[in-house]
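Data first, discussion second: the structure below is written as structure tokens.
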Amino acid sequence: MMNITFPDGAVRQYEQGSSAMDIAKSISEGLARRILAAEVNGEIWDLSRPINNDASIKFLTWEDANGKSTFWHSSAHLMAEAVEDTFPGVKFWVGPPVEKGFYYDIDLGDNVITETDLEKLEKKMAQLSKQNNPFVRKEISKADAIEYFEEKGDEYKLDLLSNLQDGNITFYTQGNFTDLCRGPHIPSTGLIKGIKLTSIAGAYWKGDEKNKMLTRIYGVTFPNQKELDEYLVFLEEAKKRDHRKIGKELELFTFSEKVGQGLPLWLPKGAMLRGRLQDFMQKAQLEAGYLPVVTPHIASKNLYVTSGHYEKYGADSFQPIKTPVEGEEFFLKPMNCPHHCEIYKAVPRSYKDLPLRLAEFGTVYRYEQSGELHGLTRVRGFTQDDAHLFVMAEQVKDEFKKVIDLVLHVFSSLGFKDYTAQISLRDQEDRTKYIGSDENWDLAEKSIMEAVNEKGLENVVIEYGEAAFYGPKLDFMVRDAIGRKWQLGTIQVDYNLPERFDLTYIGEDNAKHRPVMIHRAPFGSLERFVAVLIEHCAGKFPMWLVPVQVKILPISDKFLSYAENVLSQLKNNDIRAEIDDRSEKIGKKIRDTELTKIPIMLIIGEKEVNDEKVSVRRQGIGDEGSKTLAEVIENIKEEVRNKTQI
RNA sequence: GCCAGUGUAGCUCAGUUGGCCAGAGCAGCUGAUUUGUAAUCAGCUGGUCGGGGGUUCGAAUCCCUCCACUGGCUCCA
């Protein structure tokens with residue numbers, strides 16, 4: 001007998017060799033039907049795998065993240081079975097679960113797969129699911145495994161095998177499909193009910209663009225059709241929040257093939273919104289002791305040779321422009337830091353000047369590969385709410401913490417609650433891609449970790465190998481409508497540029513010292529920030545940001561002069577308002593205004609003129625009755641002051 | 001940049017066994033209407049069918065090529 005410990009601390013005895021499924025059945029049939037896998041001593045196991053020694057056990061269901069990922073991993077195998085059945089002779093690379101579903105990377109050989117094939121594959125998967133084939137685990141020697149895949153002519157699995165140790169190798173088989181796989185898997189294919197293959201994509205083998213491109217099929221599955229349907233509805237709804245769609249509908253920004261890809265054109269309403277965000281940041285920065293500076297959009301190549309950016313990115317940048325006579329080379333500004341270093345150097349600095357915080361809404365241009373461009377979130381010309389803090393080494397942590405405060409101020413002012421803070425450190429093995437001494441890196445990484453700890457940030461993840469080439473960073477990531485993560489705010493410690501530019505300050509000891517630089521951009525870029533903001537609020541901007549706050553809707557031309565009067569009073573109070581003076585019916589005017597997401601409608605007819613009031617309607621909510629104009633103005637001002645979230 | 005897909009009016013979309021002057025709704029303009037909380041009626045304007053080349057008696061439709069966009073991959077100072 002062996003002792004099995006349950007999550008609540010209870011211990012029960014079972015015969016040696018009992019499986020997690022046996023144990024679950026001994027508790028209840030209902031449990032046995034619901035579970036997908038089990039955590040045995042902290043490792044995720046198949047339910048059918050015999051347990052031979054004392055162990056702690058936790059059953060995993062669809063409600064557990066690990067239960068879901070096991071379910072999706074098994075679904076990837078089911079899809080592979082359907083693909084192999086439909087296209088015999090294809091070869092498989094890896095098929096892992098992802099955040100929402102799974103994929104499998106496949107070398108299709110001469111076969112071509114299209115969207116319509118996905119439906120066929122879904123049907124095939126449903127058919128295979130009905131067969132309710134068990135996932136069978138088999139331990140196999142490395143030699144036998146190699147023989148199996150050599151016979152199959154599968155160089156991909158042989159490549160995987162070459163990195164595995166004998167004695168650690170398992171095969172999983174369901175129906176006619178056998179795969180090299182560590183597992184674990186759900187008991188059988190019959191549990192997989194709601195099936196949707198979402199997209200076909202190319203993916204480089206081993207993620208290296210020098211390698212062959214495999215075909216990646218993405219899918220998502222659920223334990224029942226209802227959950228799949230709900231998920232598909234969610235996706236449809238999310239598409240309506242897409243900033244590219246809303247940006248067009250609300251006339252915020254546009255792109256022009258003639259101007260060039262990745263170069264957004266801000267329309268008046270969008271420019272107004274963007275300007276307001278900029279004012280908001282400018283004010284917060286002035287309060288925090290930042291000093292605004294302005295630098296040009298081009299700079300001599302020498303600047304970037306000094307900064308090291310030329311060496312690192314020169315070949316992959318927009319190529320230099322030249323002066324016609326002398327042939328001097330200038331680059332479009334891809335970042336503001338080197339310019340700010342030169343501003344630092346313009347006058348001798350003393351320790352009394354530090355921290356020196358130079359801020360600029362700097363427009364930069366970067367050559368992004370055409371396939372990377374995406375609405376406003378990834379563009380070739382954008383404006384950073386950039387600043388560089390020149391500080392003494394012992395001030396790094398404090399300044400870093402103040403910047404975290406600023407980022408959190410931005411997020412709370414806009415109601416962003418669902419963000420993660422990502423600490424990006426060096427690759428633990430490959431250190432060749434970084435410049436600067438190990439000593440400085442260690443120091444910088446330590447400062448970030450401490451600042452994050454002391455600020456008590458939640459949702460912190462540490463990513464190795466994600467640091468910039470000159471220093472570690474802390475990024476704030478926010479999701480878009482369909483769950484893609486985008487980096488907004490960023491804070492980076494840099495010991496490198498001060499060296500390269502030979503920045504110094506005179507210390508209390510009357511000797512020269514090297515300052516440390518902190519790069520930071522709470523928004524990241526105005527472009528990306530607006531994009532995420534649009535998706536966050538689905539185009540219903542808070543009162544302080546919305547381009548037009550009030551639409552005045554006279555019921556007929558007869559009330560136009562009263563409407564003009566209302567308009568001028570609103571304008572005198574710095575409220576952004578427009579009149580709809582078309583000779584349309586009020587229902588039409590309301591509908592059109594509702595669609596443009598202007599928050600306040602003031603309806604004016606005979607009653608309002610007689611009572612010297614206005615009838616208030618709130619976008620998305622409805623009639624709020626009549627009020628005096630003074631009352632309306634005060635309410636709006638209040639909402640602007642408080643940055644109220646609706 | 002790579003893989004796959006898409007590209008018809010300002011917007012959303014019809015239109016392929018290749019064949020009459022390429023259609024609709026919305027938006028816009030003109031007129032009528034003067035309206036009470038999500039679409040008044042009528043008329044009109046508007047398109048090099050993404051660009052270029054080719055096949056054909058004839059191309060939005062078939063082929064080639066370039067461009068842009070979409071979903072991924074790679075990249076992201």
Side-chain angles (χ1 to χ4, degrees), chain A residues 103 105 108 112-118 198-218 239 242 244-245 248-249 251 254-258 260-262 304 307-314 316-317 333-338 364 366-375 377-380 384 466-471 473 475 482 484 486-487 490 492 494 496-497 519 528 553-560 582-595 601-608 615-626:
Chain A
Y103 67 79
D105 281 348
L108 288 169
V112 179
I113 189 165
T114 63
E115 302 278 337
T116 50
D117 291 318
L118 291 186
T198 45
S199 67
I200 307 168
Y204 297 111
W205 184 42
K206 295 188 179 179
D208 187 335
E209 65 181 326
K210 290 184 200 81
N211 284 341
K212 180 172 182 174
M213 186 158 262
L214 305 176
T215 302
R216 175 172 296 181
I217 307 178
Y218 282 92
K239 272 188 203 155
D242 191 312
R244 293 165 296 188
K245 181 175 154 67
K248 194 179 272 178
E249 286 166 356
E251 296 178 13
T254 189
F255 288 90
S256 148
E257 217 173 298
K258 273 218 178 81
Q261 60 179 167
Y304 303 110
S307 72
H309 290 106
Y310 178 77
E311 190 191 355
K312 186 85 184 171
Y313 293 104
D316 300 321
S317 292
K333 176 167 76 174
M335 81 288 299
N336 306 296
C337 2
V364 297
R366 296 179 183 176
Y367 172 76
E368 306 284 4
Q369 294 187 71
S370 60
E372 253 94 71
L373 300 170
H374 181 95
T377 49
R378 195 80 185 269
V379 288
R380 284 179 171 172
Q384 297 176 306
E466 291 292 312
F469 74 94
Y470 52 73
K473 54 184 182 170
D475 293 327
I482 62 169
R484 282 180 292 220
W486 294 98
Q487 174 212 311
T490 179
Q492 314 178 358
D494 184 354
N496 174 55
L497 279 183
H519 310 242
R528 183 176 290 178
L553 309 178
I555 284 176
S556 87
D557 309 352
K558 284 185 276 186
F559 314 111
L560 261 181
R582 298 173 303 167
S583 66
E584 293 287 353
K585 291 166 92 167
I586 192 67
K588 169 77 165 169
K589 291 185 183 182
I590 286 172
R591 179 184 154 78
D592 289 347
T593 311
E594 286 279 344
L595 292 176
M601 281 159 263
L602 297 182
I603 293 150
I604 287 168
E606 197 173 349
K607 227 169 26 191
E608 286 73 21
S615 184
V616 182
R617 185 187 162 99
R618 184 97 201 185
Q619 197 274 346
I621 294 170
D623 194 354
E624 292 191 335
S626 62

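As the structure is a prediction and not an experimental result, all values here were calculated from the model. Residue numbers begin at 1 in each chain, while the letters A, B, ... track the order of the sequences.
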### Query
In whole Å, what is the span from the CG atom of A/D316 to the P atom of B/rC2?
15 Å
### Name of the residue among A/K239, A/K245, A/R244 meeting side-chain hydrogen bond (donor to acceptor under 3.5 Å, both in side chains) with A/D242
A/R244
### Message
Without decimals, in angstroms, what is the distance between A/D557 CG and B/rU40 P?
### Response
15 Å
### Query
B/rA77 P sits how many Å from A/R380 CZ, rounded?
16 Å
### Query
So what does A/K206 touch, heavy atoms closer than 4.0 Å: a base, only the sugar-phosphate, or nothing?
nothing
### Query
Would you say the base of B/rG1 and the side-chain of A/Y204 have a donor-acceptor pair closer than 3.5 Å?
yes
### Task
Take atom C1' in B/rG19 and the same atom in B/rC29, then report the distance between them in whole Å.
35 Å
### Message
Using atom P in both nucleotides, what's the gap between B/rG58 and B/rC13 to the nearest angstrom?
### Response
34 Å
### Query
Below 3.5 Å, does any donor atom in the side chain of A/S583 face an acceptor in the base of B/rU33, or the other way round?
yes
### Query
With a 4.0 Å cut-off on heavy atoms, is A/Y103 in touch with a base, just the backbone sugar-phosphate, or nothing at all?
nothing
### Message
Could you identify the nucleotide paired to B/rG71, looking across every strand shown and requiring Watson-Crick or G-U wobble geometry with both distances under 3.5 Å?
### Response
B/rC3
### Query
With centres under 5.5 Å and planes under 30°, do A/Y218 and B/rG72 count as stacked?
no
### Message
Checking contacts here: which listed nucleotide (B/rU37, B/rA77, B/rG1) is nearest the side-chain heavy atoms of A/R617?
### Response
B/rU37
### Message
Closest approach to the side chain of A/F469, judged atom by atom: which nucleotide of B/rA77, B/rU74, B/rC11 is it?
### Response
B/rA77
### Message
When both hydrogen-bonding distances must be under 3.5 Å and the geometry is Watson-Crick or G-U wobble, what is B/rG19 paired with, if anything?
### Response
B/rC57
### Query
Of all the nucleotides listed (B/rU35, B/rG1, B/rC73), which has the minimum atom distance to the side chain of A/R216?
B/rC73
### Task
Check whether the side chain of A/R378 and the base of B/rC75 form a donor-acceptor pair under 3.5 Å.
yes
#### Entry: C1' gap between B/rC21 and B/rC64, integer Å
30 Å
### Task
Would you indicate what A/I586 reaches in the nucleic acid, counting non-hydrogen atoms under 4.0 angstrom: base, sugar-phosphate, or nothing?
sugar-phosphate
### Task
Would you classify A/A201 as touching base, sugar-phosphate or nothing, given that sugar-phosphate means primed atoms plus P, OP1 and OP2, and contacts are heavy atoms under 4.0 Å?
base
### Message
Less than 3.5 Å apart, any donor N or O on the side chain of A/E372 or A/S370 sitting next to an acceptor on the other?
### Response
no
### Nucleotide opposite B/rC44 in a Watson-Crick or G-U pair, distances under 3.5 Å
B/rG28
### Message
One thing to verify: whether A/E368 and A/R378 come together as a salt bridge, which I'm taking to mean a side-chain N less than 4.0 angstrom from a carboxylate O.
### Response
yes
### Task
Mind calculating the distance between NE2 (A/H374) and C1' (B/rG71) to the nearest angstrom?
10 Å
### Query
Looking for any heavy atom pair under 4.0 Å, which part of the strands does A/S370 touch: base, sugar-phosphate only, or nothing?
base
#### Entry: Rounded distance [0.5 Å steps], CZ in A/R528 versus NE2 in A/H374
10.0 Å
### Query
Nearest nucleotide by nearest heavy atom, which residue falls closer to the 5' end of RNA chain B, A/R582 or A/I200?
A/R582
### Summary
Side-chain atoms of A/R244 come closest, of B/rG71, B/rU37, B/rG5, to B/rG71
## Note on the structure
Considering only heavy side-chain atoms of A/K585, the closest of B/rU35, B/rG36, B/rU37 is B/rU35
### Message
Does A/Q369 contact B/rU74 through a side-chain donor or acceptor facing the base, at a distance under 3.5 Å?
### Response
yes
### Query
B/rC73, B/rU34, B/rU37: which one has an atom nearest the side-chain heavy atoms of A/S615?
B/rU37
### Task
Remember a base hit wins even if backbone is also touched, and classify A/Q261 as base, sugar-phosphate or nothing at under 4.0 Å, heavy atoms.
sugar-phosphate
### Task
Name the orientation class of the two ring planes belonging to A/H519 and A/Y470 (parallel below 30°, tilted from 30 to 60°, perpendicular beyond 60°).
parallel
### Query
Whole-Å distance between B/rA38 P and A/I621 CD1?
14 Å
### Query
Below 3.5 Å, does any donor atom in the side chain of A/E257 face an acceptor in the base of B/rA68, or the other way round?
no
### Message
Assess whether a salt bridge exists between A/E466 and A/K473, defined as any Lys/Arg side-chain N lying under 4.0 Å from an Asp/Glu carboxylate O.
### Response
no
